[in-house]
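Below is one structure, written out as structure tokens, with a few remarks after it.
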Amino acid sequence: MKISFWLNGVKREEEVAPDTMLLEFLRSLGCSSVKRGCETANCGLCTVMLENRPVLSCSTLALRVDGKKVVTLEGIQKEAEEFGAFLAGEGAEQCGFCNPGFIMNVFAMLRELSNPTEEQIKEYLAGNLCRCSGFVGQTRSILKYLQYKKSQEEEA
């Protein structure tokens, strides 16, 4: 079937089989940030934005993006690099395999919650699996990133 959608701000028209999962489809289009982790919708590694909402691409049919906007980490590279510096600063990047899905969920959270508490951060990111850490460094990096963004807004 032919579908029409926006991928990282670029209008696309592609052929897709009815049973193709979004994860496979996006990777075939060069979006290597979309990772395969569990394929059971439990780890969050495959998270992408669909109409500004986080979805697990391993459990979403590619046909669902017809007429919609999809954003992967490749589409928010500048923001991701900025936040990634905070992850690295807190020693939270470790192996880095979970980072793309984690970062996508952080930005989804920041769209939804203007000033999240530490408890809200933990709750929002509970669907992300990191086998290297206990999310202590990740949580610190988010809190420091929020402070940084707030100070930037105050300066402007």
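Treat the numbers as computed from the prediction; the structure is a model and nothing was measured.
- Counting heavy atoms from C-beta outward, L56 and S59 have side chains that approach closer than 4.5 Å.
- In this view, Q147 satisfies the side-chain hydrogen bond (donor to acceptor under 3.5 Å, both in side chains) rule with no residue, not counting sequence neighbours.
- Residues L146 and F102 are members of one and the same hydrophobic cluster, defined by side-chain heavy-atom contacts under 4.5 angstrom among Ile, Leu, Val, Met, Phe, Trp and Tyr.
- Partners of S4 according to the side-chain hydrogen bond (donor to acceptor under 3.5 Å, both in side chains) rule, which considers only residues two or more places apart in sequence or in another chain, are K11.
- Among residue pairs with one or both ends in residues 62-73, those qualifying as side chain to side chain donor-acceptor pair (under 3.5 Å) are N8-T72, T72-E74; sequence neighbours excluded.
- A single hydrophobic cluster is seen to contain both L143 and L125, as judged by linkage of ILVMFWY side chains at heavy-atom distances under 4.5 Å, directly or through other members.
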Evaluate C31 against L7 for side-chain contact (heavy atoms from CB on, under 4.5 Å), listing each step before the verdict. CA-CA 10 Å; C31 297; L7 177 58; 3.8 Å; yes
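- The side chain to side chain contact (heavy atoms under 4.5 Å, CB included) check on A126 picks up nothing, with sequence neighbours excluded.
- Here S28 pairs with F25 under the side chain to side chain contact (heavy atoms under 4.5 Å, CB included) rule; sequence neighbours left out.
- L87 and M109 fall within the same hydrophobic cluster, defined by Ile, Leu, Val, Met, Phe, Trp and Tyr side-chain heavy atoms under 4.5 Å apart, directly or through other members.
- Scanning all heavy atoms of the two residues, the minimum distance from P116 to I121 falls at CB-CG1, 4.0 Å.
- For residues 38-79, no pair satisfies ring-ring contact (aromatic ring centres under 6.0 Å, His included), with sequence neighbours left out.
- Contacts classified as salt bridge (charged side-chain N to carboxylate O under 4.0 Å, His left out) and involving residues 135-153 (residues at least two apart or in different chains) are given here: E82-K149, E90-R140, E90-K144.
- Across all non-hydrogen atoms, the minimal contact from P100 to S33 is CB-O, 3.2 Å.
- Minimum interatomic distance between S32 and R27 (heavy atoms only, all atoms of both residues): O-NH1, 3.1 Å.
- Taking both residues in full, the closest heavy atoms of A41 and C58 are given as N-SG, 3.6 Å, listed atom of the first, atom of the second, then distance.
- When all heavy atoms of A80 and L73 are compared, the closest pair comes out as CB-CD1, 3.5 Å.
- Residues V70 and V34 share a hydrophobic cluster, clusters being chains of Ile/Leu/Val/Met/Phe/Trp/Tyr side chains in contact below 4.5 Å.
- V55 and V71 fall into different hydrophobic clusters, where Ile, Leu, Val, Met, Phe, Trp and Tyr residues are linked whenever their side-chain heavy atoms come under 4.5 Å apart, directly or through other members.
- Under the 4.5 Å side-chain criterion, counting only non-hydrogen atoms from C-beta, Y124 is in contact with P54.
- Scored by the side-chain hydrogen bond (donor to acceptor under 3.5 Å, both in side chains) test, E123 finds no partners at all (sequence neighbours excluded).
- Qualifying side chain to side chain contact (heavy atoms under 4.5 Å, CB included) partners for T117, counting only residues two or more places apart in sequence or in other chains: E119, Q120.
- Residues forming a side-chain hydrogen bond (donor to acceptor under 3.5 Å, both in side chains) with N128 (at least two apart in sequence, or on another chain): N105.
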Table please: side-chain donor-acceptor pairs of residues 13-23 below 3.5 Å, with sequence neighbours left out.
residue : atom : partner : partner atom : Å
E14     : OE2  : R12     : NE           : 3.1
E14     : OE2  : R12     : NH2          : 2.8
T20     : OG1  : A17     : O            : 3.3

Can you list the steps and then say if R53 with R111 is a side-chain contact (heavy atoms from CB on, under 4.5 Å)? CA-CA 9 Å; R53 310 271 308 163; R111 283 189 182 99; over 6 Å; no
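- A ring-ring contact (aromatic ring centres under 6.0 Å, His included) check over residues 136-156, counting only residues at least two apart or in different chains, returns the pairs F83-Y145, F86-Y145, F86-Y148.
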